[in-house]
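Below: the structure, in structure tokens.
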Amino acid sequence: MKEQSNIPTSKVERAGKFVTTGLKVGTNYIKHYTRKLVDPSLTREALHQDNAADIYETLSSLKGSALKVAQMLSMDKGMLPKAYTEKFAMSQYSAPPLSGPLVVNTFVKTLGKSPTQLYDKFDMHASNAASIGQVHKAWKDGKALAVKIQYPGVANSVKSDLRIVKPFAIRIVGMNEVDMDKYFEEIESKLLEETDYKLELNRSMALSRECAHIPNLLFPQYYPELSSDRIITMDWLDGQHLKEFLQTNPSQEARNEIGQALWDFYQFQVHHLKQVHADPHPGNFLMRPDGTVGIFDFGCVKEIPEDFYYNYFLLTDKEVLKNEKRRHEIYTNLEMIHPSDTPKEVEFFSGLFQHMIDLLTLPFTVEHFDFGNEAYFNEIYAYMDELYNMKEVRESKVARGSRHSLYINRTYFGLYSILSDLKANIITSASRFSPKR
């Protein structure tokens with residue numbers, strides 16, 4: 001993969017890249033509608049592919065928050081046209097890496113020594129490259145190590161990048177400005193945390209210890225003395241990312257064991273720790289044929305407020321939701337419906353949410369669940385697509401859902417997606433990690 005020799009770090013440079021991309025996207029629309037005059041049967045698929053390629057090229061060269069937003073969007077199946085989802089998914093671990101001189105410069109600036117002075121051996125070519133940083137393999141005292149290096153300028157460009165990328169997100173997703181303002185504040189706070197590698201190091205060590213008892217999970221050891229505010233050194237974990245793992249045609253037993261381990265990992269964090277690894281994309285897991293899975297990258301951790309937790313998991317209790325008054329209270333507490341809503345709006349949105357909740361919470365209401373059930377996921381995606389195209393939803397004047405729901409929903413959507421790809425059949429009984437009432 002071609003390496004980058006520099007990253008635009010000034011606000012002017014980065015804004016200029018977006019302006020250029022905006023012009024390209026505009027040109028793509030003109031081309032599309034010109035072609036459609038000649039061929040009225042032409043679909044928007046080619047337009048989506050051209051736009052996705054141009055936008056991804058810009059985001060991958062900028063790295064940081066802009067590329068992270070693309071990564072988040074790629075995980076929400078049903079939210080984006082397929083062309084965007086497939087292209088943006090590359091940001092999970094296949095973005096263009098930094099060149100050697102930039103890597104060495106980061107070490108000298110933050111640890112005072114070059115990689116060759118700190119490790120017995122250091123591979124200058126990145127093993128993986130994502131949105132915030134890239135990973136190199138190194139060796140010290142006979143141990144293989146993974147060294148995560150943050151891209152230059154990422155921490156300082158979070159706020160300005162999000163302001164610039166918002167119009168693209170609004171146009172791609174179709175969400176109105178009020179929704180974006182509400183949720184972009186939450187995204188900004190999480191991205192600022194993700195660029196704090198000292199915070200990530202502490203969280204990684206703490207959460208790894210807390211979850212070490214869960215069967216079939218592997219966590220690396222971390223090395224604070226070889227880490228800084230822009231570098232984290234940990235043990236190298238062997239394994240494959242989801243796509244490569246599935247290409248080996250693993251046994252159903254291994255799929256189930258990995259799926260069970262991931263389900264237990266997330267349920268334990270949510271229900272017992274009230275904080276959760278909120279970045280469940282395939283680039284953060286390494287799977288092995290013996291049914292074990294390596295977990296790393298605790299840069300994005302969502303702390304769950306008690307009142308939100310209580311109301312959110314009442315949604316999995318079918319008996320509670322049968323009571324219309326109680327259901328209305330829960331929806332209001334979670335900001336799914338608002339005091340300003342008319343009775344007609346309350347009835348309309350309550351009906352929409354109830355059906356969505358029935359679908360999404362189904363695994364929580366049964367003893368076992370087969371995530372290989374394609375009909376289940378097709379129904380979810382079809383309903384999300386139906387919601388996306390509803391005029392009442394798109395033109396809603398208020399954001400529907402607490403800001404806390406953004407990363408919790410993202411966590412479960414990401415988990416469901418991985419379990420679906422694994423076709424895992426697992427125990428999902430609520431008694432395994434019961435919510436506290």
Side-chain angles (χ1 to χ4, degrees), residues 1 3-11 13-14 60-68 71 91 93 95-141 143-162 188-208 219-237 279 283-284 296-301:
M1 185 182 296
E3 295 180 340
Q4 278 184 243
S5 59
N6 66 81
I7 295 177
T9 55
S10 75
K11 293 179 183 178
E13 283 182 292
R14 296 176 76 82
S60 62
S61 68
L62 293 174
K63 311 292 191 204
S65 308
L67 189 56
K68 189 72 179 183
Q71 181 192 99
S91 65
Y93 46 87
L98 291 186
S99 63
L102 286 179
V103 170
V104 173
N105 187 48
T106 300
F107 272 92
V108 173
K109 278 187 174 181
T110 65
L111 287 172
K113 294 181 179 180
S114 69
T116 54
Q117 291 174 305
L118 290 168
Y119 308 97
D120 298 334
K121 185 180 176 183
F122 184 88
D123 188 347
M124 291 303 301
H125 296 288
S127 302
N128 293 302
S131 52
I132 303 295
Q134 63 190 46
V135 176
H136 292 252
K137 192 170 187 178
W139 291 261
K140 189 174 179 69
D141 300 329
K143 266 194 170 184
L145 305 172
V147 185
K148 182 177 173 181
I149 303 165
Q150 188 177 123
Y151 300 130
V154 165
N156 297 327
S157 63
V158 170
K159 292 177 182 290
S160 57
D161 272 5
L162 289 181
E188 181 180 307
S189 69
K190 289 290 114 194
L191 287 175
L192 287 170
E193 289 182 7
E194 284 196 66
T195 62
D196 184 346
Y197 273 14
K198 289 183 178 178
L199 175 63
E200 178 177 342
L201 180 68
N202 291 332
R203 281 176 164 172
S204 298
M205 293 189 293
L207 287 171
S208 296
F219 299 98
Q221 180 180 340
Y222 294 84
Y223 301 92
E225 69 278 9
L226 292 171
S227 302
S228 70
D229 58 350
R230 282 177 52 195
I231 295 170
I232 297 178
T233 299
M234 67 193 88
D235 287 339
W236 181 271
L237 295 181
D279 198 8
N284 285 338
F296 52 94
D297 196 339
F298 288 86
C300 183
V301 172

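Starting from 1, each residue takes its place in the sequence as its number.
T195 places a side-chain N or O within donor-acceptor distance of the main-chain N or O of L192, the cut-off being under 3.5 Å. Without hydrogens or angle criteria, N284 side chain to D279 main chain gives a donor-acceptor distance under 3.5 Å.
Contact of the L145 side chain with the W139 side chain is not registered, since no non-hydrogen atoms from C-beta on lie closer than 4.5 Å. Residues I232 and F296 form no side-chain contact, since every pair of their non-hydrogen atoms from C-beta on lies 4.5 Å or further apart.
Aromatic rings from F298 and Y222 are positioned such that their centres are separated by 6.0 Å or more.
Residue N105 holds its CG atom at 11.5 Å from OG of S114, rounded to the nearest 0.5 Å. For the atom pair CG (L201) and OG1 (T233), the distance works out to 9.0 Å, reported to the nearest 0.5 Å. Note that the CD atom of E194 and the OG atom of S189 stand 10.0 Å from one another [nearest 0.5 Å]. Between the NE2 atom of H136 and the CH2 atom of W236 there is a distance of 10.0 Å, given to the nearest 0.5 Å. Taking CE of M234 as the start and OG of S227 as the end, the distance is 7.5 Å to the nearest 0.5 Å.
Applying the side-chain contact (heavy atoms from CB on, under 4.5 Å) test between D229 and each of K198, E200, Q150 identifies K198 as the sole match.
With sequence neighbours excluded, no residue satisfies ring-ring contact (aromatic ring centres under 6.0 Å, His included) with Y197. In this view, D196 satisfies the salt bridge (Lys or Arg N to Asp or Glu O under 4.0 Å) rule with no residue, not counting sequence neighbours. The salt bridge (Lys or Arg N to Asp or Glu O under 4.0 Å) test applied to R203 returns E193, E303, not counting sequence neighbours.
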### Message
For Y223 and D235: C-alpha separation, side-chain torsions, deciding distance, then whether side chain to side chain contact (heavy atoms under 4.5 Å, CB included) applies.
### Response
CA-CA 8 Å; Y223 301 92; D235 287 339; 2.6 Å; yes

### Task
Evaluate the criterion side chain to side chain contact (heavy atoms under 4.5 Å, CB included) for residue pair Y119 and L226; output intermediate values, then yes/no.
CA-CA 9 Å; Y119 308 97; L226 292 171; 3.9 Å; yes

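Under the 3.5 Å distance criterion, with hydrogens and angles disregarded, no donor-acceptor pair is assigned to the side chains of T110 and R230.
The two residues K140 and D120 make their nearest non-hydrogen contact at CA-OD2, 3.3 Å. Here the closest heavy-atom approach between residue S228 and residue L111 is recorded as CB-CD2, 3.8 Å.
One finds a salt bridge joining K148 and D297 here, because a Lys/Arg side-chain nitrogen approaches an Asp/Glu carboxylate oxygen to under 4.0 Å.
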